[in-house]
Number of protein chains: 2
Amino acid sequence: MHNSIYLLKTNGLSKTNGRLAILDLFMAAGQALAHADIEYQLEKTFDRVTIYRTLQTFVEKGILHQIPTTDNTILYGLCKEACQDGHHHDNHVHFICIKCEKTNCLDEVTVPVVKLPKGFQPVHSAMLVKGVCKHCRS
Amino acid sequence: MHNSIYLLKTNGLSKTNGRLAILDLFMAAGQALAHADIEYQLEKTFDRVTIYRTLQTFVEKGILHQIPTTDNTILYGLCKEACQDGHHHDNHVHFICIKCEKTNCLDEVTVPVVKLPKGFQPVHSAMLVKGVCKHCRS
DNA sequence: GTAACTGCAAAATATTTGCATCCTT
DNA sequence: AAGGATGCAAATATTTTGCAGTTAC
């Protein structure tokens with residue numbers, strides 16, 4: 001896994017405290033985070049607007065990918081090395097635990113290809129699985 | 001397909017103009033709608049708050065199901081007959097057209113079962129496919 | 001030094017809640 | 001008549017935009 005500074009440099013982004021703090025949060029969390037989570041964890045260290053803009057920049061650069069949700073928030077997950085400039089390789093399954101409420105990227109589980117009705121041409125697929133994660137089964 | 005009045009009655013909901021109008025919109029649309037779409041199409045006939053409350057009620061009763069998105073809105077799709085009280089049978093694939101921006105329920109395409117890592121116990125799955133729909137291929 | 005980034009203020013948007021009134025059964 | 005549904009007002013929360021000051025390189 002690349003470190004934060006390397007990630008910023010290779011994406012032509014300047015190294016700022018805000019960006020480093022946000023990247024470090026994601027690396028430490030090991031799970032998907034929403035804007036609100038980040039704002040909460042950074043405790044006013046950075047402006048809310050900066051967080052919005054940073055997340056947007058990271059998505060554009062392919063450092064983060066967006067994970068669909070049904071509760072009008074956007075979740076962000078750290079992309080693996082293969083991602084770059086808009087062309088995301090986030091075709092893995094996302095797992096949402098109904099107990100701890102955490103969302104994890106199951107990097108090793110690829111989204112299966114489904115057969116679509118005649119005329120529908122797929123470009124990208126996403127898959128969400130809800131259930132109980134391995135940490136909550138005890 | 002059941003009609004609006006029947007749907008309300010079997011779910012123990014009183015028959016009101018607002019609910020009928022919203023249900024009819026969904027039946028006529030044949031695609032997923034967001035709160036904003038509904039508000040726009042009903043042109044101030046009903047209060048925005050009523051629309052919020054109606055959508056929530058319909059989801060609870062299993063008349064509508066929520067479709068995850070990556071743009072902090074919630075899309076709602078009409079459930080098929082099998083749905084009832086919270087226990088949704090919306091395990092079909094959702095298709096989002098990148099040209100016309102419409103989201104359709106592909107009722108005939110079932111979400112495939114994926115093999116999860118040890119310890120993860122699935123309860124429900126959702127799948128989203130982005131691409132070009134059959135109406136936009138000409 | 002220059003371009004990029006940030007914070008603040010403010011605007012625009014979206015969502016929730018309480019309450020009085022009206023409608024459905 | 002009674003309970004549920006609606007509309008309105010207001011409180012909250014969320015997101016976007018502009019601009020001036022600051023920082024990274």
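All of these numbers come straight from a predicted model, not from anything done at the bench. Within every chain, numbering begins at 1; the chains are lettered A, B, ... in the order of the sequence lines, protein sequences first and strands thereafter.
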**OP:** Please state how far atom CG in B/Asn11 lies from atom P in D/dG4, giving the value in whole angstrom units.
**Re:** 16 Å
Original post:
For the hydrophobic clusters of this structure (ILVMFWY residues joined by side-chain heavy atoms under 4.5 Å, transitively), does one cluster hold both A/Ile51 and A/Ile67?
Top reply: no
Original post:
Rounding to a whole Å, what distance do you find between A/Arg48:CZ and D/dT14:P?
Top reply: 7 Å
**OP:** Figure out the NZ/C1' separation between B/Lys9 and C/dT24, and round it to whole Å.
**Re:** 12 Å
**OP:** Would you mind classifying the nucleic acid contact of B/Arg19 as base, sugar-phosphate or nothing, using non-hydrogen atoms under 4.0 angstrom?
**Re:** sugar-phosphate
Subject >> Rounded distance (Å) that lies between atom P of C/dA4 and atom CG of A/Leu8 >> reply: 16 Å
Subject >> Residue A/Val49, side-chain heavy atoms: nucleotide from D/dT17, C/dT25, C/dT16 that is nearest >> reply: D/dT17
**OP:** Please round to the nearest 0.5 Å and tell me the distance separating atom CG of B/Leu8 and atom CZ of B/Phe58.
**Re:** 5.5 Å
Subject >> Short side-chain to backbone donor-acceptor contact, A/Asp37 and A/Ala34, under 3.5 Å >> reply: yes
**OP:** Quickly work out the B/Asp47 CG to C/dG18 P distance and round it to whole Å.
**Re:** 16 Å
**OP:** Say whether, by atom type as modelled, one donor and one acceptor occur between the side chain of B/Asn11 and the main chain of B/Leu13 under 3.5 angstrom.
**Re:** no
Original post:
Should B/Leu116 and A/Ile96 be counted in the same cluster of Ile, Leu, Val, Met, Phe, Trp and Tyr side chains packed under 4.5 Å apart?
Top reply: no
**OP:** Can you figure out which of C/dT25, C/dG7, C/dA4 approaches the side chain of A/Ser14 most closely?
**Re:** C/dA4
Subject >> Atom-to-atom span, CG of A/Asp71 to C1' of C/dT16 - whole angstrom >> reply: 15 Å
**OP:** Toss me the dot-bracket line for DNA chain D: Watson-Crick and G-U wobble, both under 3.5 Å, 5' to 3', using | for pairs to another strand and [ ] for crossers.
**Re:** |||||||||||||||||||||||||
**OP:** State whether the distance check finds a donor on one side and an acceptor on the other, under 3.5 Å, for side chain B/Arg53 versus base D/dG7.
**Re:** yes
Original post:
5'-most contact on DNA chain C: B/Thr16 or A/Leu13, nearest heavy atom basis?
Top reply: A/Leu13
Original post:
What is the distance from NE2 of A/His35 to P of D/dT16, rounded to the nearest Å?
Top reply: 9 Å
Subject >> Side-chain donor or acceptor of A/Arg19 paired with backbone N/O of A/Thr54 under 3.5 Å >> reply: no
**OP:** Select base, sugar-phosphate, or nothing to describe what B/Asn72 touches, counting heavy atoms under 4.0 Å on all strands.
**Re:** sugar-phosphate
Original post:
Hey, what's the ring geometry for B/His92 with B/His65, parallel, tilted or perpendicular (30° and 60° as the breaks)?
Top reply: perpendicular
Original post:
Given atom CG of A/Leu20 and atom C1' of C/dC5, what is their separation to the nearest angstrom?
Top reply: 13 Å
